[in-house]
Amino acid sequence: MIRKAPSPSANKVLVIFELPASLWVQQIHLVGDFNGWDPASHALMQRRTDGVWEITLELDAGRRYQFRYLLDDHTWCNDGCADDYVPNAYGGHNSVVVTPPFLDDVSV
């Protein structure tokens, strides 16, 4: 699931990326053009209350960001709730999240 919320910073949007607790993995990283496709820079954490994997990013408003999840350093997967999908150079697809240009357009 992907949720978007207003950020306290001007021209930014908080984007919350979540994956289900039922994934049997040791680690998940969020990898995309917002972090130079660095497979180690954005680790999702499991919430203690329900085991859901989660990370929140503050991203520029009015942009499209391509991303994927990297599970246990070897399995790539997309987000089933992404705003869009685009072909990538490896014969697959990348997920896309779109940040609204105005705070009024942000929904939680």
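Across Q46 and G51, no two heavy atoms sit closer than the pair NE2-O, 2.8 Å. When all heavy atoms of A82 and S95 are compared, the pair lying nearest together is CB-CB, 3.7 Å. Summarising the geometry of V13 relative to P100, their closest heavy-atom pair is CG2-O, 3.9 Å, with the distance given to 0.1 Å.
Residues satisfying the ring-ring contact (aromatic ring centres under 6.0 Å, His included) test with Y69, not counting sequence neighbours, are F67. Applying the side-chain hydrogen bond (donor to acceptor under 3.5 Å, both in side chains) test to T56 and every residue at least two apart in sequence or in another chain returns nothing. When the side-chain contact (heavy atoms from CB on, under 4.5 Å) test is applied to V96, the partners found at least two apart in sequence or on another chain are R64, Q66, D84, V86, V98. Take D60 and apply the side-chain contact (heavy atoms from CB on, under 4.5 Å) test, not counting sequence neighbours, and it matches K12, R63, Y65. With sequence neighbours excluded, the residues that form a side-chain contact (heavy atoms from CB on, under 4.5 Å) with C81 are D79.
Among residue pairs with one or both ends in residues 17-37, those qualifying as salt bridge (charged side-chain N to carboxylate O under 4.0 Å, His left out) are R3-E18, E18-R47; sequence neighbours excluded. Sorted by first and then second residue, the salt bridge (charged side-chain N to carboxylate O under 4.0 Å, His left out) pairs with a member in residues 37-46 form an empty list; sequence neighbours excluded.
Alongside W37, the hydrophobic cluster contains V31, L70, W76 (criterion: ILVMFWY side chains under 4.5 Å). Hydrophobic side-chain contacts under 4.5 Å tie M1 to no other Ile, Leu, Val, Met, Phe, Trp or Tyr residue.
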Which donor-acceptor pairs under 3.5 Å do side chains of residues 19-30 form with protein atoms, sequence neighbours excluded?
from	atom 1	to	atom 2	distance (Å)
W24	NE1	S22	O	3.4
Q27	NE2	D73	OD1	3.4
Q27	NE2	D73	OD2	2.6

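In this structure, N88 CG and H93 NE2 are separated by 7.5 Å, a value rounded to the nearest 0.5 Å.
When the side chains of ILVMFWY residues are joined at heavy-atom separations under 4.5 Å, either directly or via intervening members, V52 and I55 end up in two distinct hydrophobic clusters.
Residues C77 and R68 have side chains not in contact (no heavy-atom distance under 4.5 Å, counting atoms from C-beta outward). Side-chain contact between L44 and E54 is absent, with no heavy-atom pair separated by less than 4.5 Å.
The closest donor-acceptor contact from the side chain of S7 to the backbone of L14 lies at 3.5 Å or more, if one exists at all.
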